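Note that ligands are numbered from 1 as they come in the structure, with each ligand's atoms numbered from 1 the same way. All figures in this text were calculated on a predicted structure; none of them were measured in a lab. All values below were derived from every heavy atom in this structure, side-chain atoms included, with hydrogens, water molecules and symmetry-related copies excluded. Numbers here are sequence positions counted from 1.
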Amino acid sequence: MSKFKVFITRPVREEILTKIAEECEVDMWHTSAILPPIAERIPPLDGLMTYGHEPVSPEMIATAPNLKAISVVGVGYDHVHVEACRERGIAVGHTPGVLSDTTADMTMALLLAAARNIVPAYNHVQVDKQWHYYDPNILWGTDVHHSTLGIVGMGRIGHAVAKRARAFDMRVLYYKRERRPDWEQELGVEYVTLENLLEASDFVTLHVPLTEETTHLISTAELALMKKTAILVNIARGPVVDHYALYEALKQGQIAGAAVDVTEPEPINTDHPLLDLENVIIAPHLGSATVQTRMKMMTMAMENLLAGLKGEQLPYGVLQPNFPQ
Ligand code: DGY
């Protein structure tokens, strides 16, 4: 029997590749260099594993008559046109759950780094070599403990962030489409409107999926509601925040700072004005980037891919094979 034809958009670990190659003829983008447009690789495929966020459009899907499965190495699948997959009965898998704690850790890392001036401290000592004596008056930050955190989008990751925040004695407000009284009970978090959350929080963290509704959810009007001392953390998707509005708010002192793990576009253009500001930290989409979590994600994505190719139930499915049209 001939093997399934599969394309993997970024290098996966050798052991994962070996297992996939037992059942598939694999084309993999082997370097971390910029991936060329993937459209031309799609027509002969039975399966596609996206290990970045390269858009998979209905037009691309239409060029691949044999495509059976798309496996996303990640929880967010906003880059894959799920409706087009549904119409064709193409299975779509992702890797939920396994990265929630890791992404919550990164959220706290960004929040703490912004609050306590970790990047300026690093620059002062190691880059500029300016630490000549103990100066009690430099790099004052702001307290995280006993402050108020506003969580926008209280899913698995938001819940994990709330747990960490409660350990810092933070008051935690949350905004979500559906209220979670069980989590209010469990964690002592308070449900509020988005407006109230923005007005009352010292730190705002974003954890919503990217949809039409959440695109530019945070723009000029929302930033204007925030405290001038507040810090915004975006670890969701870049377009959830209007970056030009964010730039203006940071430059004008409308908010004190921001720490973002995701940008619009991604990677951010090297001449983007945000890069020139000192009150913003930008990380290159590292939310789930730990050895342990990335291995788990690759393993789950491999299991999804192989199941989908064989027309079997995906263990972590967004769409199962032959989904009714
Ligand atoms: C996710 O899991 O959605 C992360 O953004 C990595 O893709």
Determine all donor-acceptor pairs shorter than 3.5 Å in which one atom belongs to a side chain in residues 268-279; sequence neighbours excluded.
from: His272; atom 1: ND1; to: Leu274; atom 2: N; distance (Å): 3.0
from: Asn279; atom 1: ND2; to: Leu250; atom 2: O; distance (Å): 3.1
from: Asn279; atom 1: ND2; to: Ala256; atom 2: O; distance (Å): 3.3

Indicate, with yes or no, if Met170 and Tyr175 share a hydrophobic cluster defined by side-chain heavy-atom contacts under 4.5 Å among Ile, Leu, Val, Met, Phe, Trp and Tyr.
no
Please determine whether residues Val80 and Val318 belong to a single hydrophobic cluster, defined as Ile, Leu, Val, Met, Phe, Trp and Tyr linked transitively by side-chain heavy-atom distances below 4.5 Å.
yes
For residues 153-165, run the donor-acceptor check on the side chains, cut-off 3.5 Å, and write out each pair with its distance to 0.1 Å, sequence neighbours left out.
from: His159; atom 1: NE2; to: Glu186; atom 2: OE1; distance (Å): 3.1
from: His159; atom 1: NE2; to: Glu186; atom 2: OE2; distance (Å): 3.2
from: Arg164; atom 1: NE; to: Asp105; atom 2: OD1; distance (Å): 2.7
from: Arg164; atom 1: NH1; to: Asp101; atom 2: OD1; distance (Å): 3.4
from: Arg164; atom 1: NH1; to: Ala160; atom 2: O; distance (Å): 2.8
from: Arg164; atom 1: NH2; to: Asp101; atom 2: O; distance (Å): 3.4
from: Arg164; atom 1: NH2; to: Asp101; atom 2: OD1; distance (Å): 3.1
from: Arg164; atom 1: NH2; to: Asp105; atom 2: OD1; distance (Å): 3.1

Report each N/O pair between ligand 1 and the protein that falls under 3.5 Å, naming both atoms.
from: ligand 1; atom 1: 2 (O); to: Val75; atom 2: N; distance (Å): 2.7
from: ligand 1; atom 1: 3 (O); to: Val75; atom 2: N; distance (Å): 3.4
from: ligand 1; atom 1: 3 (O); to: Gly76; atom 2: N; distance (Å): 2.9
from: ligand 1; atom 1: 3 (O); to: Arg237; atom 2: NH2; distance (Å): 2.8
from: ligand 1; atom 1: 5 (O); to: Arg237; atom 2: NH1; distance (Å): 2.8
from: ligand 1; atom 1: 5 (O); to: Arg237; atom 2: NH2; distance (Å): 3.4
from: ligand 1; atom 1: 5 (O); to: His285; atom 2: NE2; distance (Å): 2.6
from: ligand 1; atom 1: 7 (O); to: His53; atom 2: NE2; distance (Å): 2.7

Suppose we screen for side-chain contact (heavy atoms from CB on, under 4.5 Å). Which residues come up paired with Ser2, at least two apart in sequence or across chains?
none
Does Tyr77 form a ring-ring contact (aromatic ring centres under 6.0 Å, His included) with His94? I'd like the steps, not just the answer.
CA-CA 7 Å; Tyr77 49 86; His94 68 150; 5.2 Å; yes
